[in-house]
Amino acid sequence: MVDITSSPIAQLDQVSYRYPAEQWPAIDRCSWGIDEGAFVLVAGRSGSGKSTLLRTLNGLVPHFSGGQFGGSVVVCGDSTRGNGPGRMSRHVGFVFQDPEAQVLASRVDEDIAFALEQRGIPVGTMRKRVEELLDLLSIAHLRDRDPATLSGGERQRVAIAGALALHPRVLVLDEPTSQLDPWGAEDVLAGLARLNDDLGLTIVVAEHRLERLLHRVDAVHEVHSGVASDAMTPEEF
Ligand code: ADP
Ligand code: MG
């Protein structure tokens, strides 16, 4: 068979990290590669280091969190050493657990346009981009709603659309369905599977409730004491 293995889109090399004033490292010499186009599940019990690892991918760790950082994280050719979350947002979209904490405007379309507006993207381009994102996440009918009036699942899809506004090649989500009802969770996960299938978007999602996600992903990495395992197939896991 021809080896067409490409270099990973995201690569952690011997990453160690300690939060400020903490005695023990939250990440301990972790090397971890993520293949382009993969739909990756990050599993592991609470406190194992999933959130901390995900936050290294866009530089939130250590640029926002402070603390002591060693090793290197490179995504789409850029190291988080010289590039903080602002610059890494060109490569990595990030969605957090709590949909309410991510609301940026009082209309869905303005919320999605937020990152574009901040970067001074021309209005015409911005409108077109927002339309594409509304379609992509099946939320066009919600465009003029106030995010505060949406269900959790709808709001998370708005957050995903916003995270994709700058056309990153990697989407990282930290327990995006943990605060949703089963229907909302299903809508969000089905949306992710579609983004992965249709756009080839690389998706990295941390979850500790696995049953809804296992059958959709390509690879599972289990985190123990701040170290991600090698890739397992869902069956192996
Ligand atoms: P998970 O997402 O798997 O639950 P975390 O990455 O949140 O794990 O936490 C990993 C370790 O880092 C835990 O021991 C946790 O207590 C610690 N930790 C997480 N966030 C902070 C923080 N802001 N300050 C200090 N320690 C933290
Ligand atoms: Mg977490």
Side-chain angles (χ1 to χ4, degrees), residues 10-34 38-75 80-81 84-86 88-89 92-103 152-153 155-156 159-160 162-163 170-182 184-185 188-189 192 202-214 216-217 219-232 234 236-237:
Q11 179 73 53
L12 274 68
D13 202 20
Q14 289 288 312
V15 170
S16 294
Y17 174 69
R18 198 153 47 78
Y19 281 100
E22 291 296 317
Q23 194 174 0
W24 305 107
I27 304 176
D28 194 6
R29 284 160 295 162
C30 177
S31 294
W32 181 31
I34 298 164
F39 190 170
V40 172
L41 168 63
V42 177
R45 60 183 54 188
S46 184
S48 60
K50 300 183 296 297
S51 297
T52 308
L53 272 176
L54 295 192
R55 285 163 189 248
T56 67
L57 292 171
N58 70 342
L60 279 171
V61 167
H63 290 275
F64 277 19
S65 55
Q68 282 204 357
F69 183 86
S72 87
V73 177
V74 175
V75 184
T80 62
R81 281 197 175 268
M88 292 307 287
S89 65
V92 183
F94 207 101
V95 175
F96 296 89
Q97 185 167 9
D98 179 0
E100 291 182 33
Q102 302 178 69
V103 174
R155 232 182 286 178
Q156 262 324 36
I160 292 168
V170 183
L171 178 64
V172 177
L173 309 97
D174 192 359
E175 305 208 20
T177 67
S178 63
Q179 306 201 358
L180 308 184
D181 62 40
V188 167
L189 297 177
L192 292 180
T202 306
I203 299 182
V204 182
V205 53
E207 275 288 359
H208 67 261
R209 281 183 308 179
L210 306 171
E211 63 283 1
R212 280 196 291 264
L213 204 48
L214 262 184
R216 300 186 196 268
V217 299
V220 184
H221 295 263
E222 189 168 22
V223 179
H224 274 295
S225 309
V227 177
S229 73
D230 289 341
M232 293 175 271
E236 285 167 343
F237 175 72

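Residue indices begin at 1 and follow the sequence shown. Both ligands and their constituent atoms are indexed starting at 1 by order of listing. Please read all numbers here as calculations on a predicted model, not as lab measurements.
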Trainee: Before signing off on this row, confirm whether Gly49 and ligand 1 have an N or O atom pair separated by under 3.5 Å.
Mentor: yes
Trainee: Tell me: protein heavy atom nearest atom 19 (C) of ligand 1, and distance?
Mentor: Tyr19 CE1, 3.5 Å
Trainee: Using modelled atom types and a 3.5 Å cut-off, is there a donor and acceptor pairing between side-chain atoms of Gln97 and backbone atoms of Ser178?
Mentor: no
Trainee: Counting non-hydrogen protein atoms only, what is the nearest one to atom 9 (O) of ligand 1? Give residue, atom name and distance.
Mentor: Thr52 OG1, 3.9 Å
Trainee: Below 4.0 angstrom from a heavy atom of Arg45, which ligand 1 atoms are there? Numbered from 1 as shown, please.
Mentor: 3 (O)
Trainee: Which protein heavy atom lies closest to atom 11 (C) of ligand 1, and at what distance to 0.1 Å?
Mentor: Gly47 O, 3.8 Å
Trainee: Quick one: does Asp28's side chain get under 4.5 Å of Ser16's, heavy atoms only?
Mentor: yes
Trainee: Under 2.8 Å from the Mg ion (ligand 2), is there any N, O or S atom belonging to Gln97?
Mentor: no
Trainee: Looking just at side-chain N and O atoms, do Glu207 and Thr177 make a donor-acceptor pair shorter than 3.5 Å?
Mentor: yes
Trainee: More than 12 non-hydrogen atoms from neighbouring residues, nucleotides or ligands closer than 6.0 Å to CD on Glu22, yes or no?
Mentor: yes
Trainee: Mark yes or no for whether Thr56, through its side chain, and Val61, through its backbone, hold a donor-acceptor pair below 3.5 Å.
Mentor: no
Trainee: Judged by modelled atom types alone, do Glu222 and Ser229 share a side-chain donor-acceptor pair under 3.5 Å?
Mentor: no
Trainee: Name the option, out of Ser51, Gly226, Ser225, that contains the heavy atom nearest to atom 2 (O) of ligand 1.
Mentor: Ser51
Trainee: Give a yes or no on whether atom 15 (C) of ligand 1 lies under 4.0 Å from any heavy atom of the protein.
Mentor: no
Trainee: Within the structure, is a non-hydrogen atom of Gly44 found at a distance of less than 4.0 Å from ligand 1?
Mentor: no
Trainee: May I ask you to decide if the ring planes of His221 and Trp32 are parallel, tilted or perpendicular, using 30° and 60° as cut-offs?
Mentor: perpendicular
